[in-house]
Amino acid sequence: MYVCGVTVYDYCHIGHARSILVFDMIYRYLKKKFPKVVYVRNFTDVDDKIINKANREGKSCKEIAERYIQAFYEDTDALGALRPDIEPKATEHIPEMIELIQKLIDKGLAYVVDGDVYYEVRKFKEYGKLSGRSIEEMLAGARIEIDEKKKDPLDFALWKASKPNEPWWESPWGRGRPGWHIECSAMSMKYLGETFDIHGGGMDLIFPHHENEIAQSEGATGKPFVIYWIHNGFVNIGKEKMSKSLGNIILIRDILKRYDRELLRLFLLKTHYRSPIDFTFEALDKEKESLDRLYRTKEKIEELLSEKGKEHPVTEEAEKAKAEIEKAKEEFYQAMDDDFNTAMALGKLFESVRDFNRFVDKSGASLTEKALVAETMADFMGEVEEIFGILSHKPSEWFKEAKSEELELSAEEIERLIEERSRARKEKNYKKADEIRDFLKSKGILLEDRPDGKTLWRLAK
RNA sequence: GGCGGCGUAGCCAAGUGGUAAGGCAGGGGACUGCAAAUCCCCGAAUCCCCGGUUCGAAUCCGGGCGCCGCCUCCA
């Protein structure tokens with residue numbers, strides 16, 4: 001699997017987060033099914049935007065690229081995304097690109113003009129097959145800049161002759177630098193072969209980037225380039241497109257200052273990867289309710305599992321509860337197998353959580369039986385954790401430490417007040433008990449009296 | 001202008017020919033000293049509209065309306 005990574009000239013935003021997390025989910029899932037999967041994601045570290053930024057700041061392109069590669073890792077690690085197996089940089093694959101360009105020239109698909117090399121789009125008969133457009137249609141669409149050097153306005157640069165203040169490499173056509181599209185063809189084929197299974201990226205890359213990659217790769221090899229293309233949908237801010245000009249860009253690092261990464265992961269992964277998503281902080285807040293519910297169930301599971309060990313005859317009811325969860329898990333996998341239908345898969349998780357809660361709360365089963373069923377549920381949740389990267393916290397931490405620095409009371413004080421309240425309740429002094437509960441509530445702490453007499457606390461929304 | 005996508009409950013979101021998943025919010029009930037949590041029950045009569053195909057359509061076809069993306073760097 002090859003995924004187009006980022007051009008390293010700025011911090012990553014919520015849109016990058018979606019792409020990163022969608023392909024992280026896909027990688028995690030494929031890894032479970034096909035342990036030999038290889039995940040390659042590139043860094044574009046030579047490009048107009050980087051050059052501009054470097055010139056503006058009086059730094060080298062390499063310095064700019066290094067800075068934002070570093071930032072990229074900080075962000076992806078903070079998101080809990082697994083590192084790809086191979087992360088090639090464009091600047092480290094110039095020879096491969098030159099070789100590929102030469103091949104295209106030799107085949108008559110590309111031509112040289114004043115040290116530039118262009119791909120002659122009309123020579124590649126299938127041009128437009130990915131994006132579903134024809135050359136004629138695109139020409140009719142106008143808005144194409146006139147470039148004297150190109151034979152055809154749609155031809156694109158494989159190699160650009162260097163201008164002053166630009167990085168350059170020696171090539172058969174003089175000093176210059178690669179065009180944007182060629183790096184992905186060269187690097188993906190180097191690491192994955194001339195034909196490989198999955199190529200991914202954002203929706204916006206379909207045209208022209210991926211269309212051009214196909215032209216370059218298939219033009220050079222005569223073989224199919226990619227079996228499956230996967231393109232993730234965009235994230236809008238509210239209903240608007242996120243863009244620099246609108247000034248509504250939301251950075252990953254800014255979100256993660258306020259929200260646990262699992263909230264963002266669930267928010268972005270519960271929608272099918274191809275659909276657009278409207279991002280709002282309110283929607284992210286609401287996700288907390290759903291995740292809390294899952295964590296409460298996880299908490300219950302952990303309590304039950306500590307009861308494990310004693311042998312006990314298993315009733316039909318427990319067997320049935322287990323079977324229900326197993327079935328939901330099977331359906332979860334069927335949904336994932338159907339074009340990564342995460343929305344449906346998570347629906348199955350919630351169904352089984354409901355079934356599990358029902359069994360634990362309403363059946364007359366013994367603790368050991370419940371523990372047995374809890375094991376099945378824990379197993380399912382564990383697999384969800386592996387694939388979605390959620391539910392990885394200990395429930396106790398999830399409910400208590402999430403925003404502990406904003407808490408006005410220390411954990412010790414809270415425990416002390418709970419203790420005081422428990423005494424009051426035993427004495428049937430409910431007025432005092434409720435005062436304490438109300439006081440804690442005013443401090444953002446909710447109490448939960450359990451049937452076993454224990455009182456738990458957690459943070460309010 | 002060309003190409004593509006979308007329009008499902010108050011909100012989010014699956015389903016794409018056979019009685020409309022799931023989440024959040026809401027109402028009622030069980031439980032509780034009261035709560036909280038949990039569970040149960042309830043809720044879509046336009047699945048954007050109009051035609052058509054079919055025994056049967058949210059799902060297919062045709063025509064509208066509305067929203068969005070791409071066609072220029074972009075996840």
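Letters A, B, ... are given to chains in the order of the sequence lines, protein chains preceding strands, and every chain is numbered from 1. Quick note: numbers below take in every heavy atom, side chains included, and nothing from hydrogens, waters or symmetry partners.
- Annotation: cation-pi geometry not satisfied between A:K348 and A:F332 (NZ/CZ under 6.0 angstrom from ring centroid, within 45° of ring axis).
- The C1' atoms of B:rA58 and B:rC42 are separated by 23 Å, rounded to the nearest whole Å.
- A:R274 comes within 4.0 angstrom of nothing in the nucleic acid, heavy atoms only.
- Among the nucleotides B:rG33, B:rG22, B:rA37, the one closest to the side chain of A:Y430 is B:rG33.
- Across all strands shown, A:V235 has heavy atoms under 4.0 Å from base atoms, whether or not it also approaches the sugar-phosphate.
- Residue A:T7 places its side chain closer to B:rA75 than to any other of B:rC73, B:rA35, B:rA75.
- With B:rA75, B:rG22, B:rC39 as the choices, the nucleotide that has an atom nearest any side-chain atom of A:R293 turns out to be B:rC39.
- A:S396 and A:E299 are not linked by any side-chain donor-acceptor pair at a separation below 3.5 angstrom, with hydrogens and angles left out of the test.
- Side-chain contact annotation: A:D339 with A:Y273, donor-acceptor N/O pair under 3.5 Å present.
- At a threshold of 4.0 angstrom between heavy atoms, the contacts of A:E448 include nucleobase atoms, whether or not backbone atoms are also involved.
- Within 4.0 Å of A:A343, counting heavy atoms only, lies at least one base atom of the nucleic acid.
- Rounded to whole Å, the C1' atom of B:rA20 lies 8 Å from the corresponding atom of B:rG15.
- Nearest to the side-chain atoms of A:K49 among the listed nucleotides B:rA21, B:rA75, B:rC73 stands B:rC73.
- Considering only side-chain N and O atoms, A:S275 lies under 4.0 angstrom from the phosphate OP1 or OP2 of B:rA14.
- Here A:H272 lies in heavy-atom contact (under 4.0 Å) with sugar-phosphate atoms only.
- Regarding A:F332, its CZ atom lies at a distance of 20 Å from the P atom of B:rA21, rounded to whole Å.
- Between A:F156 and A:Y118, the gap from one ring centroid to the other reaches at least 6.0 Å.
- Of all nucleotides listed (B:rG10, B:rC39, B:rG33), B:rG10 comes nearest to the side chain of A:K286.
- Residue contacts shown for A:R41 are absent, as no nucleic acid heavy atom lies under 4.0 Å away.
- Not counting sequence neighbours, A:F124 has no partner by the ring-ring contact (aromatic ring centres under 6.0 Å, His included) test.
- In this structure, A:S131 reaches the sugar-phosphate backbone alone: every heavy-atom distance under 4.0 Å involves primed, P, OP1 or OP2 atoms, never a base.
- A:N341 comes within contact range of the sugar-phosphate backbone alone, with a heavy-atom separation under 4.0 Å but no base atom that close.
- Straight-line distance between the C1' atoms of B:rA14 and B:rC24: roughly 15 Å, to the nearest whole Å.
- Rounded to a whole angstrom, the distance from the P atom of B:rG26 to that of B:rC11 is 15 Å.
- Contact annotation for A:R425: base contact, defined as any heavy-atom pair under 4.0 Å involving a base atom.
- Within 4.0 Å of A:D434, counting heavy atoms only, lies at least one base atom of the nucleic acid.
- For B:rA14, neither phosphate oxygen OP1 nor OP2 lies less than 4.0 angstrom from any side-chain nitrogen or oxygen of A:K270.
- Among the nucleotides B:rA75, B:rA25, B:rG23, the one closest to the side chain of A:H16 is B:rA75.
- Spacing between B:rG23 and B:rG62 at atom C1', rounded to whole Å, works out to 37 Å.
- Across all strands shown, A:L205 has heavy atoms under 4.0 Å from sugar-phosphate atoms exclusively, and none from any base.
- In this structure, A:K428 reaches neither bases nor backbone, as no heavy-atom distance under 4.0 Å exists between it and the strands shown.
- Across all strands shown, A:R296 has heavy atoms under 4.0 Å from sugar-phosphate atoms exclusively, and none from any base.
- Counting any heavy atom pair closer than 4.0 Å across all strands shown, A:G15 reaches a base atom.
- Both A:D338 and A:D449 lie near RNA chain B, and the one whose nearest nucleotide falls closer to the 5' end is A:D338.
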